[in-house]
Amino acid sequence: MAFQGKKLINNPDVTEFIEGLVETYPGLQYLDGFPQIKVVLRADVERGAYDKVAVISGGGSGHEPAHAGFVGPGMLTAAVSGDVFASPPVDSILAAIRAVTGPMGCLLIVKNYTGDRLNFGLAAEQAKSEGYKMEMVIVGDDCALPPPRGIAGRRGLAGTVLVHKIAGAAADAGLSLADVAAEAKHASEVVGTMGVALSVCTLPGQVTSDRLGPKQMELGLGIHGEPGVAVVELQPVDVVVEHVLKQILSQETQYLPITRGSNAVLLINGLGATPIMELMIAARKAVPELQLEYGIAVDRVYTGTLMTSLEMAGLSITIMKSDENILKRLDAPTKAPAWPVGSEGNRPPAKFPVPVPPSPSMKDDEILNQPQELSKQGCILEAAIEASATEIINLKDILNEWDNKVGDGDCGTTMYRGATAILEDMKKRYPMNDAAGTINEIGATIRRVMGGTSGILYDILFKAAYTSLKQSKTVTANEWADALEASVAAVSKYGGASAGYRTMLDALIPASTVLKQRLKAGEDPVTAFIASSEAASAGAESTKQMQAKAGRSSYIAPDLLVSVPDPGAMAAAAWYRAAALAVKNKLHGSKS
């Protein structure tokens with residue numbers, strides 16, 4: 001079903017974006033010609049007196065931060081904006097030329113689209129007739145489509161930003177107009193880009209297209225949302241990166257003069273709605289792929305959102321053949337607000353060993369050579385741990401379902417990660433005949449794999465239990481009860497929650513209280529354990545009626561929490577109950 005696209009705007013006019021930009025960055029100004037004239041320029045350039053080559057670019061709006069975000073010393077002198085995805089009119093381009101061009105002349109950098117070529121070209125001719133020295137470089141870096149047969153040529157994409165930087169740095173160094181244009185032209189001839197989209201963009205006021213299904217992606221589309229080469233099934237990012245690099249570096253099209261042994265600059269660009277995490281994942285694949293599969297040395301990596309297509313989800317990858325001069329221009333300082341920070345000089349090894357000391361309970365060789373024959377207590381502990389972890393694994397989906405309603409949706413996944421690691425580590429690392437040592441190792445496993453708030457809270461829980469247990473030579477039911485009490489106190493102290501806060505403590509506090517009471521009354525330890533597990537389950541269920549006072553649920557409206565239990569409390573009650581039943585089964589040979 002088609003639906004109206006949602007935008008945080010007042011109207012589709014780009015002038016309000018420009019106003020916000022110059023309010024944010026005092027080094028920028030705009031020409032007072034709204035709404036027809038939409039030009040951002042450097043505030044330090046005096047009209048008619050600028051003593052360096054002016055570098056101007058621009059195009060339709062909707063590609064922010066391009067192009068206005070790249071205005072600043074060392075990059076663009078001015079940027080001209082049209083309406084969304086529409087080339088700026090000739091009068092706007094002329095206004096920019098007149099505002100910033102001095103005796104050294106002006107270079108126009110234009111993406112290869114018919115409207116941009118015509119409007120910038122006509123503006124250049126008019127400026128020449130007025131006495132301005134003018135040059136124009138057209139950038140067509142698209143590598144997705146087959147070599148064009150007509151006059152249209154390759155489309156201009158994110159590689160244009162690298163050309164902006166090189167030309168801007170050359171101009172800032174005081175080069176002549178001819179030399180700045182020559183460097184920009186050379187850069188445009190050694191750069192290639194290809195884009196991949198997970199969603200299409202929606203123009204302000206228009207209906208969102210349903211061209212891409214929920215499990216589809218589009219290869220080689222343009223930055224105006226125009227259809228690409230193919231719509232295919234969604235693929236893992238590593239496969240996508242491999243395909244894009246193969247296309248850019250294709251020996252059939254020979255778009256780039258890059259061969260094995262060449263050096264290159266890599267740009268991973270977000271198309272508008274792509275999280276930085278996904279861009280970095282792509283960068284992580286692209287760098288070794290270039291180095292190992294293609295024999296290309298990667299001199300610089302730039303990752304960020306530079307040239308977008310409104311709110312399109314996806315990315316583009318740009319490769320530019322580098323040499324000493326190109327690197328010098330890219331490394332030159334600039335105050336353009338949207339230019340990313342790239343690594344300079346030789347790239348150090350990406351990985352460095354983590355200086356983690358061995359677990360304090362025992363050294364690795366001791367762990368791996370532990371006695372295989374378990375004592376009675378060791379067998380009981382092993383059964384309880386295995387039952388608890390297995391129960392959490394089985395509850396993964398329902399925990400995530402609850403957490404989707406009251407949190408961030410990953411409780412089940414986080415607990416699952418810890419439980420599976422515990423089952424794996426217990427086979428080779430846990431000294432089951434040493435209760436305190438085993439509890440300490442469980443904490444180490446959780447610390448290594450779980451992450452997030454749950455991970456640290458469980459790490460605290462098991463560390464406090466270990467501290468309590470290691471004080472006793474013989475671990476009895478009373479020592480386990482003391483350890484649980486100490487664990488609950490530590491989690492409450494550092495986490496800030498207590499009973500009634502709608503957290504895992506609403507399961508563990510009743511469990512600890514009942515266990516201590518029953519043991520003090522002289523009840524059989526197994527019966528007391530089972531009773532305390534029932535108290536844990538009841539406590540977890542009671543969170544359905546609680547108002548959250550801690551954790552992410554505290555940000556949720558109370559009416560949305562009604563009838564949904566706290567997933568952390570339910571998880572705690574589940575593993576505790578599973579442990580109790582396993583102990584009962586091991587000792588009494590029956591279940592309840």
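- A donor-acceptor contact shorter than 3.5 Å is absent between the side chain of Arg447 and the backbone of Asp459.
- Looking at every heavy atom in both residues, Ala490 comes nearest to Ile460 through CB-CG2, 3.8 Å.
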Next item on the list: List the steps, then state whether side-chain contact (heavy atoms from CB on, under 4.5 Å) holds for Ile446 with Phe462.
Entry: CA-CA 9 Å; Ile446 288 171; Phe462 281 99; 3.6 Å; yes

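- The existence of a salt bridge linking Lys427 and Glu424 is excluded, since no basic side-chain nitrogen approaches an acidic carboxylate oxygen closer than 4.0 Å.
- No hydrogens or angles considered: nothing links the side chains of Thr305 and Asn269 as a donor-acceptor pair under 3.5 Å.
- Checking side-chain atoms of Arg502 against main-chain N and O of Thr543 turns up a donor-acceptor pair under 3.5 Å.
- Here the side chains of Arg577 and Glu534 are in contact, with some heavy-atom distance below 4.5 Å.
- At least one donor-acceptor pair closer than 3.5 Å links the side chain of Glu64 to the backbone N or O of Gly62.
- A salt bridge is defined here as a Lys NZ or Arg NE, NH1 or NH2 lying under 4.0 Å from an Asp or Glu carboxylate O, and Arg518 with Asp524 fails to meet this definition.
- If you take CG on Leu469 and OG1 on Thr474, they are separated by 12.0 Å, rounding to the nearest 0.5 Å.
- Between Lys428 and Asp425, some side-chain heavy-atom pair lies under the 4.5 Å cut-off.
- Taking the six-membered ring for Trp and thresholds of 30 and 60 degrees, His63 and His224 have ring planes more than 60 degrees apart, a perpendicular arrangement.
- With contacts defined as side-chain heavy-atom distances shorter than 4.5 Å, the pair Gln291/Ile296 does not qualify.
- Going from atom CE of Met280 over to atom OG1 of Thr274 covers 12.5 Å, rounded to the nearest 0.5 Å.
- Counting heavy atoms from C-beta on, the side chains of Ser250 and Lys246 never come closer than 4.5 Å.
- Checked by atom type and distance alone, the side chain of Ser532 never pairs as donor or acceptor with a backbone atom of Leu515 at under 3.5 Å.
- Put simply, the side chain of Thr420 gets close to the backbone of Arg417: a donor and an acceptor are under 3.5 Å apart.
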Next item on the list: Starting from the C-alpha separation in whole Å, work towards a yes-or-no answer on side-chain contact (heavy atoms from CB on, under 4.5 Å) for Thr318 and Leu157.
Entry: CA-CA 9 Å; Thr318 298; Leu157 302 174; over 6 Å; no

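- Although no hydrogens or angles enter the test, the distance criterion places no donor-acceptor pair under 3.5 Å between the side chain of Arg448 and the main chain of Gly418.
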Next item on the list: Run the numbers on Met320 and Leu267 for side-chain contact (heavy atoms from CB on, under 4.5 Å), then give the verdict.
Entry: CA-CA 8 Å; Met320 174 178 278; Leu267 166 61; over 6 Å; no

Next item on the list: Would you check, one step at a time, whether the test side-chain contact (heavy atoms from CB on, under 4.5 Å) holds for Tyr416 with Asn400?
Entry: CA-CA 10 Å; Tyr416 174 89; Asn400 278 340; over 6 Å; no

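- Taking each heavy atom of Ala569 and Ala540 in turn, the nearest pair found is O-CB, 3.5 Å.
- Atom OH of Tyr294 is separated from atom CD1 of Ile319 by 8.0 Å, given to the nearest 0.5 angstrom.
- Salt bridge status for Lys516 with Glu485: present, with a side-chain N to carboxylate O gap under 4.0 Å.
- In this structure, Glu479 contributes its side chain and Thr476 its backbone to a donor-acceptor pair below 3.5 Å.
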For residues 381-390, tabulate all N or O donor-acceptor pairs below 3.5 Å that involve a side-chain atom, not counting sequence neighbours.
| unit_1 | atom_1 | unit_2 | atom_2 | d |
| --- | --- | --- | --- | --- |
| Ser388 | OG | Ala384 | O | 3.0 |
| Ser388 | OG | Trp575 | O | 2.8 |
| Thr390 | OG1 | Glu386 | O | 2.7 |

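- Side-chain rings of Trp480 and Phe529 stay apart, their centers remaining 6.0 Å or farther from each other.
- Proximity of Leu508 to Leu461: side-chain heavy atoms (C-beta onward) are separated by under 4.5 Å at one or more points.
- Evaluated for a side-chain hydrogen bond (donor to acceptor under 3.5 Å, both in side chains) with Asp238, the options His243, Arg284, Lys285 yield exactly one hit, Arg284.
- From Ile380, atom CD1 reaches atom CG of Leu587 across 4.0 Å, with rounding to the nearest 0.5 Å.
- Rounded to the nearest 0.5 angstrom, Gln377 CD and Asp434 CG are separated by 12.5 Å.
- If you check the side chains of Glu311 and Thr202, you find a donor sitting under 3.5 Å from an acceptor.
- Partner of Tyr430 under the side-chain hydrogen bond (donor to acceptor under 3.5 Å, both in side chains) criterion, out of Asn440, Thr438, Thr445: Thr445 alone.
- Side-chain contact between Leu399 and Thr414: absent, with no pair of heavy atoms (C-beta onward) separated by less than 4.5 Å.
- Side chains of Leu519 and Pro525 form a contact here, defined as non-hydrogen atoms less than 4.5 Å apart.
- For the pair Asp403 and Pro567, the tightest heavy-atom approach, listed with the atom from each and the gap, is OD1-CG, 3.6 Å.
- Taking 4.5 Å as the limit, some side-chain heavy atom of Val196 sits within range of a side-chain heavy atom of Met217.
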